[in-house]
Amino acid sequence: MVAGPCGPRQVDVQTAPGVQSEVGVHMTNNLSQPVNVYVVNMGSEIFLGQVPANSAQHLDVAGVSSGSSVTLRARTADGTKTYARNDVQLTGTYSWQVP
């Protein structure tokens, strides 16, 4: 019987490359407080991110295929106001601003 070396073996660990969504929302928030942005697809509300007051941000829409008809929602951080855009055809990047 022959025994091999018993030392630790070297392992190379890498992360997979990021997958970029094929659709997104360019959100411009003209309000004086942040808004939480959501997409509603087939009855499910998906949180996209928070856009700070008086700023613009690109938000990837993961899990929604290009050409889908969705509803976009933006809710103020304090929950007092909600803005919606219905029947949005998501292809590429959709630009939206509130108010």
Side-chain angles (χ1 to χ4, degrees):
M1 210 185 243
V2 178
C6 292
R9 62 182 200 154
Q10 185 174 348
V11 177
D12 186 19
V13 178
Q14 298 178 359
T15 58
V19 177
Q20 188 164 4
S21 175
E22 49 184 63
V23 291
V25 175
H26 182 81
M27 181 69 184
T28 302
N29 178 9
N30 295 315
L31 299 170
S32 60
Q33 65 175 306
V35 291
N36 294 320
V37 182
Y38 304 85
V39 64
V40 181
N41 183 39
M42 297 177 8
S44 295
E45 186 174 72
I46 302 165
F47 176 69
L48 301 182
Q50 187 174 80
V51 179
N54 298 306
S55 67
Q57 188 172 325
H58 176 83
L59 303 167
D60 284 332
V61 181
V64 177
S65 45
S66 182
S68 296
S69 181
V70 300
T71 296
L72 299 177
R73 284 194 189 134
R75 192 171 297 122
T76 55
D78 65 5
T80 59
K81 292 185 182 175
T82 299
Y83 302 87
R85 176 75 46 99
N86 297 319
D87 299 321
V88 172
Q89 198 78 19
L90 276 186
T91 54
T93 299
Y94 184 84
S95 292
W96 186 36
Q97 68 177 7
V98 292

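Sequence positions, counted from 1, serve as the residue numbers for this chain.
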Enumerate the residue pairs fulfilling salt bridge (charged side-chain N to carboxylate O under 4.0 Å, His left out) with a member in residues 40-57, sequence neighbours excluded, ordered by first and then second residue. Glu45-Arg73, Glu45-Arg75
ring-ring contact (aromatic ring centres under 6.0 Å, His included) involving Tyr83 - partner list, sequence neighbours excluded: none
With Leu72 as reference, evaluate Val88, Val40, Asn86, Leu59 under the side chain to side chain contact (heavy atoms under 4.5 Å, CB included) test and give the passing residue. Val88
Taking the side chain as everything from C-beta on, heavy atoms only, tell me whether Val39 gets closer than 4.5 Å to Val25. no
Ignoring hydrogens, what is the shortest heavy-atom contact between Ser32 and Ala53? Give both atom names and the distance. C-CB, 3.4 Å
Any side-chain heavy atom of Asn54 sitting closer than 4.5 Å to one from Asn29? no
Non-hydrogen side-chain atoms of Tyr94 and Gln89 separated by less than 4.5 Å: no
Output for pair (Met27 CE, His58 NE2), nearest 0.5 Å, gives 13.5 Å
Interatomic distance, Tyr38 atom OH to Leu48 atom CG [nearest 0.5 angstrom]: 9.5 Å
Approximate separation, where rounding is to 0.5 Å, of Ser65 OG and Asn41 CG: 7.0 Å
Shortest non-hydrogen separation from Gln57 to Val51 and the atoms involved: OE1-CA, 3.9 Å
Could you tell me whether the side chain of Thr93 reaches within less than 4.5 Å of the side chain of Val23, counting heavy atoms only? no
Check: Val35 main-chain N/O paired with Gln50 side-chain donor or acceptor under 3.5 Å: no
Can you tell me how far CG of Asn36 sits from CZ of Phe47, rounded to the nearest 0.5 angstrom? 4.5 Å
Do you know the tightest heavy-atom contact between Thr28 and Ala56? OG1-CB, 3.8 Å
Do Asn30 and Val98 come within less than 4.5 Å of each other through their side chains, counting heavy atoms only? no
Which residues share a side chain to side chain contact (heavy atoms under 4.5 Å, CB included) with Asp87, sequence neighbours left out: Ser69
Thr80 and Asp78 have their tightest heavy-atom pair at OG1-OD1, 2.8 Å
